[in-house]
Amino acid sequence: MPHVIEPAASARAKCRGCGERIASGELRFGESLPNPFAEGETHHWFHLECAAMKRPEPFLEALAARTEPLQDSERLAEEARRGVEHRRLPRINGAERDPSGRAQCRHCRQNVAKGAWRISLVFYEEARFSPAGFVHVPCALAYFETTDVAARLKRFTPGLTDADLQEIQAELAKPSPPAADASPRAGRVAGESD
Ligand SMILES: [Zn+2]
Ligand SMILES: [Zn+2]
């Protein structure tokens, strides 16, 4: 069973990328995976936008296999290709103000200052997304190898205002904080070590 792009038959499925429901009739991406509970395969459903951002390789496969025209396919393909090229981009899960001052940046290993913007990350492992910590906004360039992250932040944190995004854009232009000394207790998060 291949990956599919098809209209949602109902509004029951939730998008694996953002957690929101996919509207009935809206085109959705189904990633084909082995069914863990039975023989055969199952689909994990995504909004097209979320699939392009978080599951770029299988999404591009489905786009390439599609014969009918698809609105926005060039833009979606471009977004997905950026995620293949910059392999950490699909980890972006939104932006928020640090509530505690205790979270450690995955790039520089310094604590994120309370109230400062941080970018939240997820790792995709064993067919699911798991929380994988944060990076400072000024560490985005070093970590993601690009500062072109605004569309992803907005997609996965729909509540971000234009003023929030302007603040974040200004932070993106700042130099990365100096890296703390690596220590064995440097707060590694489960999953990939980098
Ligand atoms: Zn979604
Ligand atoms: Zn940092």
Side-chain angles (χ1 to χ4, degrees), residues 3-8 10-31 43-56 58-59 62-63 70 72 75-76 79-80 83 88-98 100-122 124 127-129 132-147 149 151-160 167-168 170-183 186-189 193-194:
H3 308 311
V4 294
I5 293 174
E6 59 167 42
S10 75
R12 284 197 303 273
K14 277 191 182 168
C15 171
R16 300 259 172 174
C18 70
E20 298 296 318
R21 288 195 187 281
I22 302 170
S24 179
E26 182 180 349
L27 280 179
R28 62 183 181 175
F29 166 71
E31 180 173 4
H43 281 112
H44 284 179
W45 299 107
F46 294 81
H47 295 112
L48 297 186
E49 193 93 17
C50 295
M53 290 178 172
K54 284 195 166 164
R55 299 295 298 137
F59 178 71
L63 264 193
L70 179 71
D72 259 2
R75 187 182 59 78
L76 291 166
E79 197 65 76
R88 289 171 173 165
L89 269 185
R91 297 178 179 176
I92 291 180
N93 200 42
E96 62 196 15
R97 286 187 190 277
D98 184 279
S100 68
R102 289 195 295 270
Q104 196 180 48
C105 172
R106 201 171 180 91
H107 175 70
C108 71
R109 305 285 171 193
Q110 306 268 39
N111 280 19
V112 182
K114 185 175 177 178
W117 288 102
R118 64 187 191 183
I119 297 174
S120 50
L121 306 172
V122 286
Y124 186 80
R128 52 192 291 269
F129 294 98
F134 308 93
V135 288
H136 285 115
V137 174
C139 285
L141 176 59
Y143 187 76
F144 300 112
E145 304 166 320
T146 172
T147 55
V149 297
R152 288 163 190 260
L153 300 181
K154 179 82 182 155
R155 177 76 194 173
F156 299 113
T157 308
L160 287 180
E167 271 183 44
I168 291 169
E171 291 269 312
L172 281 169
K174 288 187 184 170
S176 178
D181 287 340
S183 92
R188 296 269 178 185
V189 181
S193 59
D194 64 343

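Note that ligands are numbered from 1 as they come in the structure, with each ligand's atoms numbered from 1 the same way. Each residue takes its place number in the sequence, starting with 1. Just so you know, these numbers use all the heavy atoms, side chains as well, and skip hydrogens, waters and symmetry mates.
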>> I'd like to know if Lys14 pairs up with Glu20 as an ion pair, taking the criterion as any Lys NZ or Arg NE/NH1/NH2 lying under 4.0 Å from an Asp or Glu carboxylate oxygen.
In response: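 Salt bridge absent between Lys14 and Glu20.
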- SB check Glu79 Arg155 (cutoff 4.0 Å):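 Arg155 and Glu79: not salt-bridged.
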Where the Zn ion (ligand 2) is the centre, what is the SG-to-SG angle for Cys105 and Cys139, rounded to 10°?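 Taking the Zn ion (ligand 2) as the apex, I get 110° for this pair.
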Can you tell me, to 10 degrees, how wide the angle at the Zn ion (ligand 2) is between SG on Cys108 and ND1 on His136?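 Approximately 90° at the metal, rounded to tens of degrees.
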Query raised in the report: In His47, what N, O or S atom is nearest to the Zn ion (ligand 1), if we give its atom name?
Result: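 Checking each N, O and S atom of His47, the shortest distance to the Zn ion (ligand 1) belongs to ND1.
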Quiz item: Tell me, do Arg118 and Cys105 make a side-chain contact under 4.5 Å, heavy atoms counted?
Solution: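 Heavy-atom side-chain distance check fails, nothing below 4.5 Å.
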*In terms of ring plane angle, is the pair Phe29 and Phe59 parallel, tilted or perpendicular, where the classes change at 30° and 60°?*
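If you compare the ring of Phe29 with that of Phe59, the planes turn out perpendicular.
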